[in-house]
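For reference, the structure is listed below as structure tokens.
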Number of protein chains: 2
Amino acid sequence: MSSKKPKKVNIKYIAKIAGVSPSTVSRALRDDPNANKETKKRILKIAEELDYYPNLLAKGLRSKRTKTIGVILNDLKNPLYYDTIKAIEDKLNEVDYTMILCDSNYSQEMERKNIITMLSKGVDGVILSPVNAKSENIKIIIENNLKAVCIDAVPNYKNINYVYVNHEIASFVATEYLIKNKHQHILLLNGPYQLSSSKAFLKGYLKALKKYSIKPNRALIKYIDLSIESGCEFFKKIYQDRKIVGNINFTSILCLSDLLAIGIYKASHELGFSIPNNYSVIGYDNIFATEYLSPPLTTVHAPKIRVGKYSVDILLEQIEGKDTEFKKIDLEPRLVERGSVKKIS
Amino acid sequence: MSSKKPKKVNIKYIAKIAGVSPSTVSRALRDDPNANKETKKRILKIAEELDYYPNLLAKGLRSKRTKTIGVILNDLKNPLYYDTIKAIEDKLNEVDYTMILCDSNYSQEMERKNIITMLSKGVDGVILSPVNAKSENIKIIIENNLKAVCIDAVPNYKNINYVYVNHEIASFVATEYLIKNKHQHILLLNGPYQLSSSKAFLKGYLKALKKYSIKPNRALIKYIDLSIESGCEFFKKIYQDRKIVGNINFTSILCLSDLLAIGIYKASHELGFSIPNNYSVIGYDNIFATEYLSPPLTTVHAPKIRVGKYSVDILLEQIEGKDTEFKKIDLEPRLVERGSVKKIS
DNA sequence: TTGTAAGCGTTATCAA
DNA sequence: TTGATAACGCTTACAA
């Protein structure tokens, strides 16, 4: 009876070649303690020779573990996430996990779809940058006992981990810095209104104004999309029509994202005004290349790499079942003084 | 006989509730033509109410299709890839595919591991930025009939698709531009020696020199790691010790990657020389933010978004079985004139 | 149009 | 220490 090589080498086939049962092969491959050392060695050698690789779908189906982590982001285009993604991938690599990467494009519906995909794919955990802190989608995660870490927002639910970079502190620090440089009228370029980050950012801004008894002005608080283009276009509009900001002579601009700050740089090139002489600009995130802009962008650094590392750490620990307590980590951003803010004398 | 809800809702359970067989449910869910419209509607409604989501592991195991694409890159840290990743993700989203993202860190061994993981996970196809065009790893892909598109290098195998941005043309165009601006001594900051891209890039550089009868000088051809730091450090060394470049008074620098170019910008800040007055710099890729540097970086634009789109298009077509012919796409980069190259008079 | 039953490649349980 | 067998949740002949 000849046993020809099947299209794909599997445990059954190895078993046949080795003259043992499939279970023995399975045990050998998994380095099960219930396995004779000699047979194990023999089987491993055969597997190697046959270029065997496991079918992880079958394995996952049976064992309920996939060694896969889902990463669901809001905006893959934002360089803010690059460092985090890289950090996640590096960590996962060390422990032989893989990453499924998704983008929700700030849409609740897509986020929902992405979460369900993760569930369907049987990932062991997810790292989620939620569209909204109150998102119903987070409930889906909790109800399905999916291990998860939220980044970028403090979720409105108790039973979930998060690693948060405190946006409120970020804008507070930035605003205070502007005030100390004698800026009284600060234009706040915030993200979209419904974004949790925007709310936190506004809070810190108002808090700082209050501390220094500066009356906030609604006309100076703007909500726009987070992109270079959006920042540039919006600023050009303001530049041309000061009514948009209630005819207030603001001297500085605080941006929720470095992308917006770069947008203002772009506008400055096109319109010919000077940063920081005409307008001081301060960003947030400290994304790639901001230090090489001219002038180098003063911004608030977000510890993006740590966000990725901690998230994976938390996830892995909980997957291993070592630690079931929910982790709430609050990371502090720090001001990076560079050249885009002018001291008013 | 009561039928209690299991931990996870599955087809069997829905079948029980609906009073039909599992196969009927399966057909309904898959929108199989062999399914009564009424029952289908009923089943869909029940599935919805029960918050059913499919087990994609089981589905994939059985049907040999996972609606998953693997993306294996060399260097997740390089911003070059993010436009491509975003484009891939967007396209995949449209057709309900998911992406597994891996980083090989320029290591053949990790690349091999990543490819085998993809095989194990049963992905329907991969997009690979190979460590090396001759990589044995590509053979693994071919032997296993894994549908694949190489990006970033023309693989040394016939039976594989690729979408290539022609690095040779890129460096040729850039070098020619420098020459036309009267630069005779051009320092080439290439990537690591074993990298296919480096080889192609060198070729174009030499070709352009030849065309204008400029004798190439080995001392002006350098191989270094692709990062801002590496570019900066290396240039600082040269600056301090001109012997490294054979004491040649080069006037311009051509970089395989914008990262290296930014490294030189960094060095210029630290050492206090001027771009382009002391040295002209030209990069490659046209990555994020290069246009906002000061001076704006003259570079060669790589159509990164198209790389992603085309790759997915090819993969999907071949997965659907519509087109089995191997696609070899050669994309032309184009020069983007900005401010980092000076015309020598 | 529907149901029965086998099977995808693993692992887990139990008995030998 | 090993093997037989069932099961994970789904799809797919085939039969009804």
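All chains are named by letter (A, B, ...) in the order of the sequence lines, taking the proteins before the strands, and each is independently numbered beginning at 1. Keep in mind the model is a prediction, meaning the values are calculated, not measured.
- Proximity note for R62(A) (side chain, C-beta onward) versus dT11(C), dG3(D), dT11(D): the nearest is dT11(C).
- Under the 4.5 Å side-chain criterion, counting only non-hydrogen atoms from C-beta, I11(B) is in contact with Y52(B).
- Note on P54(A): only backbone sugar-phosphate atoms sit closer than 4.0 angstrom, heavy atoms only; bases stay farther off.
- Close to dT10(C), at under 4.0 Å from its OP1 or OP2, lies a side-chain N or O of Y52(A).
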What pairs of nitrogen or oxygen atoms, one from the protein and one from nucleotides 13-16 of chain C, lie under 3.5 Å apart?
none

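- Taking atom CG of residue N55(B) and atom C1' of nucleotide dG9(C), one finds them 14 Å apart after rounding to whole Å.
- Rounded to an integer number of Å, the gap from R65(B) CZ to dT12(D) C1' is 16 Å.
- Contact annotation: K64(B) reaches the phosphate of dG9(C) (side-chain N/O to OP1 or OP2, under 4.0 Å).
- Rounded to a whole Å, the CD1 atom of I11(A) is 14 Å from the C1' atom of dG3(D).
- Checking the phosphate oxygens (OP1, OP2) of dG3(C), a side-chain nitrogen or oxygen of T24(B) falls inside 4.0 Å.
- Using a 4.0 Å cut-off, no side-chain N or O of S63(A) falls inside it from OP1 or OP2 of dA12(C).
- What separates NZ of K121(A) from P of dG9(D) is a distance of 18 Å, to the nearest Å.
- Using a 4.0 Å cut-off, some side-chain N or O of N10(B) falls inside it from OP1 or OP2 of dG9(D).
- The CG-P distance, from N36(A) to dG3(D), rounds to 11 Å in whole Å.
- Counting heavy atoms from C-beta on, the side chains of Y81(B) and V71(B) never come closer than 4.5 Å.
- Looking at R306(A) and V165(A), their side chains never come closer than 4.5 Å, going by heavy atoms from C-beta outward.
- N34(B) comes within contact range of at least one nucleobase, with a heavy-atom separation under 4.0 Å.
- Nucleic acid contact for K12(A): none, since no nucleic acid atom lies under 4.0 Å from a heavy atom of the residue.
- Taking 4.0 Å as the cut-off between side-chain N and carboxylate O, R112(A) and E109(A) do not count as a salt-bridged pair.
- For the pair K86(B) (side chain) and G308(B) (backbone), a donor-acceptor distance under 3.5 Å is absent.
- When rounded to the nearest whole Å, the span between CG of D31(A) and P of dT11(C) equals 13 Å.
- Checking dT10(C), dG9(D), dG3(C) against every side-chain atom of K59(A), the shortest atom distance belongs to dT10(C).
- With dT10(C), dG9(D), dT11(D) as the choices, the nucleotide that has an atom nearest any side-chain atom of L61(B) turns out to be dG9(D).
- Neither OP1 nor OP2 of dT1(D) sits under 4.0 Å from any side-chain N or O of T39(A).
- Around NZ of K309(A), the count of heavy atoms belonging to other residues, nucleotides or ligands within 6.0 Å does not exceed 12.
- Nearest to the side chain of A58(A), among dT11(D), dG9(C), dG3(C), sits dG9(C).
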Test salt bridge (Lys or Arg N to Asp or Glu O under 4.0 Å) on D103(A) and K77(A); report intermediate values, then the result.
CA-CA 9 Å; D103(A) 187 353; K77(A) 226 175 177 169; over 6 Å; no

Show the numbers, then the answer: is there a salt bridge (Lys or Arg N to Asp or Glu O under 4.0 Å) between K40(B) and D32(B)?
CA-CA 9 Å; K40(B) 189 189 292 182; D32(B) 191 304; over 6 Å; no

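- Contact check, R30(A) against dA12(C): a side-chain N or O comes under 4.0 Å of OP1 or OP2.
- To the nearest angstrom, P of dT11(D) lies 13 Å from CG of L57(A).
- When rounded to the nearest whole Å, the span between NZ of K8(A) and C1' of dC8(C) equals 11 Å.
- Close to dA4(D), at under 4.0 Å from its OP1 or OP2, lies no side-chain N or O of S21(A).
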